[in-house]
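See below for the structure under consideration.
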Number of protein chains: 2
Amino acid sequence: MSKIDTITTEEKILAAAEEIFLRDGYSGSRMQDIADLAGMNKALLHYYFRSKDKLFEYIFDKKISLMFPKMEELFDENASFIEILSGFIENYIKLLMANPFLPLFVITTINKPDREDFLEKLPIFLKRRLIEFYQRDLALGKVREHHPAQLIISVFGMCVFPFMAKPILKKMSNMNDEEFQEFMQKRTPEVQGYIKLILEP
Amino acid sequence: MSKIDTITTEEKILAAAEEIFLRDGYSGSRMQDIADLAGMNKALLHYYFRSKDKLFEYIFDKKISLMFPKMEELFDENASFIEILSGFIENYIKLLMANPFLPLFVITTINKPDREDFLEKLPIFLKRRLIEFYQRDLALGKVREHHPAQLIISVFGMCVFPFMAKPILKKMSNMNDEEFQEFMQKRTPEVQGYIKLILEP
DNA sequence: GTCTATACACGGATAGAC
DNA sequence: GTCTATCCGTGTATAGAC
């Protein structure tokens, strides 16, 4: 077929590593599991990536940019703070539905003791930018007064937390995977509604 | 001294295991680390608890009841739903400030593949009970209409998530541990305020 | 580049002395 | 009950043939 169908060995390794690392975390993952899933020998992994550490860091770097998306298109100067947050919620829940293991993976990794270096890879502009928009609309009397950092972490948590607590949610509400998807689908307007009620004067 | 000061070997092991398991998770923990912290030999751990699995399960059982507290005192029939949620938020954030690693520990454990048995240990009455109170107040016109499960998971997430994302929060807001404590202290009235705005008609 | 075989360290668990 | 010594499986990593 065309070039598109040509999957290189390196790509096979990365795809397999991604799946295993995301599901099991660093210390729960085995190079053997990755090799099995990629359909090749363990030695090849080391040929391409030298060590488990290096392979993991490669995957982490790829994923961290997903977890804290750029979202330039959302930061429209003409949009209100509430509109920006609403857009964020919609896009973010959509993103997480396609990458349900992402939150737990990032959170466990940056909580690893002795690996503060992972933290260095976090972008910091996102929060600052959101606060700027909040301050602007506060001055215009378009939003109620709140502690902006508290509000932002709340929005973030409301989007992210259900994916980390998925097994608990499924158990407590007797949901299967399909019903969980529906639950998350309905969540976007729900959380957007909370934000309006919290912020609108 | 008195009996109070007499710490048995078993208690020393449990205290050390708790600290290590909570910080590093199951697969990230080493029996050697626990023995070192407890100031004794590895073999003794096996003498008292047979295996790493058994010791871990012992700790998990102790912790899971903390994560989903009984809270009978909160379920006062005379209290409104908003009051009950407010009481929950206050008590829960206080609890988590004293046990900051608890959320991540429980979440990672119940997400472990092939260990669905951990899920069986979750209590399920909590959510059901809260929904009953919500339905009652909805019929009385005392709360706005929302999807109750979505609301409850949101409250839960707003309390729990900041502790899991603590390293990220500290980094993004340039906080030290003391400032993080202050941040969480201020969080109780903040989240209570959100709930009032969301629920009050 | 890809494989098999193997080195080597680590971690959980047990045996046995005291 | 507590220790030292040790076994044995497992996991990362490398050597070397093809």
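In what follows, chains carry the letters A, B, and so on, assigned in the order in which the sequence lines appear, proteins first and then strands, with residues in each chain numbered from 1.
Between the C1' atom of C:dT2 and the CG atom of A:D36 lies a distance of 16 Å, rounded to the nearest Å. The distance from atom OH of B:Y48 to atom C1' of C:dT14 is 17 Å, rounded to the nearest whole Å. Look at CG on B:L45: it is 12 Å from C1' on D:dT2, rounded to the nearest Å. At whole-Å resolution of the value, CZ in B:F49 and P in C:dG12 are 16 Å apart.
Side chains of B:Q181 and B:D177: no donor on one and acceptor on the other come within 3.5 Å. Side-chain contact check for A:S173 and B:K127: at least one donor-acceptor pair (N or O, by modelled atom type) lies under 3.5 Å.
Cation-pi geometry between B:K112 and B:Y26 is not met: the NZ or CZ atom fails to fall both under 6.0 Å from the ring centre and inside 45° of the normal. Cation-pi geometry between B:R129 and B:F75 is satisfied (NZ or CZ under 6.0 Å from the ring centre, within 45° of the ring normal).
The pair A:K62-A:E18 meets the salt-bridge criterion, since a charged nitrogen lies less than 4.0 angstrom from a carboxylate oxygen.
The side chain to side chain contact (heavy atoms under 4.5 Å, CB included) test applied to A:K186 returns B:Q150, not counting sequence neighbours.
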Sequence-aligned protein contact record of nucleotides 4-18 of chain D, with B where the base is within under 4.0 Å of a protein heavy atom and S where only the sugar-phosphate is: B------SBBB----
